[in-house]
Amino acid sequence: MADQVFWKRKTLQEMSQTEWESLCDGCGKCCLQKLEDEDDGMVYYTRVVCRYMTDDCRCSEYQNRHELVPNCVWLRPEDVENFFWLPSTCAYRILAEGRDLPLWHPLVSGDPHLIHAVNISVSHMDLVADDQVPEDDWQNYVIDNV
Ligand code: SF4
Ligand code: SF4
């Protein structure tokens, strides 16, 4: 048990801050703008992306992101039960659902670039920045499940 990797040995709530942060694979999918159906609560992803995302799926305003973008995603262990809306490839959702991390995940592969090479990240997508498209038009940019 002790020689198991931490994501198999610990629950999401038991992880240290460093372990928790290392789960993020840098895919950038949670920085895509989302639309919620008010009737059934379904969440639809769009290819409209936060204006602060860089070409390599990083945040150019990481330190100030919550001040600049009020709806910037902030994942916390106490919210695990609400992770259903996250992309199906997101490590936080994967572990919350009791699944194992995939082979392309940086913690498994040891290669942070692999996620781009296998098209799991948004780097291959035809994205538009959210300051280039009126919010009323975001519905025209809805994409299939991410
Ligand atoms: S969707 Fe999950 S793994 Fe991808 S960038 Fe967001 S938090 Fe990280
Ligand atoms: S501000 Fe938030 S949503 Fe925007 S790129 Fe940074 S982390 Fe993503």
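Whatever order the structure lists ligands and atoms in, that order sets their numbers, starting from 1.
Each of the atoms 1 (S), 3 (S), 4 (Fe), 5 (S) of ligand 2 lies under 4.0 Å from some heavy atom of Cys50. Those atoms of ligand 2 with a heavy atom of Val69 less than 4.0 angstrom away are 1 (S). In the vicinity of Arg65, heavy-atom distances shorter than 4.0 Å reach the ligand 2 atoms 1 (S), 7 (S).
The protein heavy atom nearest to atom 3 (S) of ligand 1 is Asp25 OD1, 3.0 Å. Among all non-hydrogen protein atoms, the one lying nearest atom 4 (Fe) of ligand 1 is Cys27 SG, 2.3 Å. The single protein non-hydrogen atom nearest to atom 8 (Fe) of ligand 1 is Cys24 SG, 2.4 Å, given as residue, atom name and distance. The protein non-hydrogen atom at the shortest distance from atom 6 (Fe) of ligand 1 is Cys30 SG, 2.3 Å.
Within the 4.0 Å heavy-atom criterion, the part of Leu75 lying near ligand 1 is the side chain and not the backbone.
For residue Cys72, an N/O/S atom approaches atom 2 (Fe) of ligand 2 to within less than 2.8 Å. The nearest N, O or S atom of Cys90 is closer to atom 2 (Fe) of ligand 1 than 2.8 Å.
Taking the side chain as every heavy atom from C-beta outward, Thr46 and Val133 never approach each other to under 4.5 Å.
Relative ring orientation between Phe83 and Tyr92 is described as perpendicular, the plane-to-plane angle rising above 60° on a 0-90° scale split at 30° and 60°.
Rounding to the nearest 0.5 angstrom, the gap separating the CG atom in Leu75 from the CG atom in Leu86 is 5.5 Å. One distance of note links CG of Leu114 with CG of Asp25; it measures 10.5 Å at 0.5 Å rounding.
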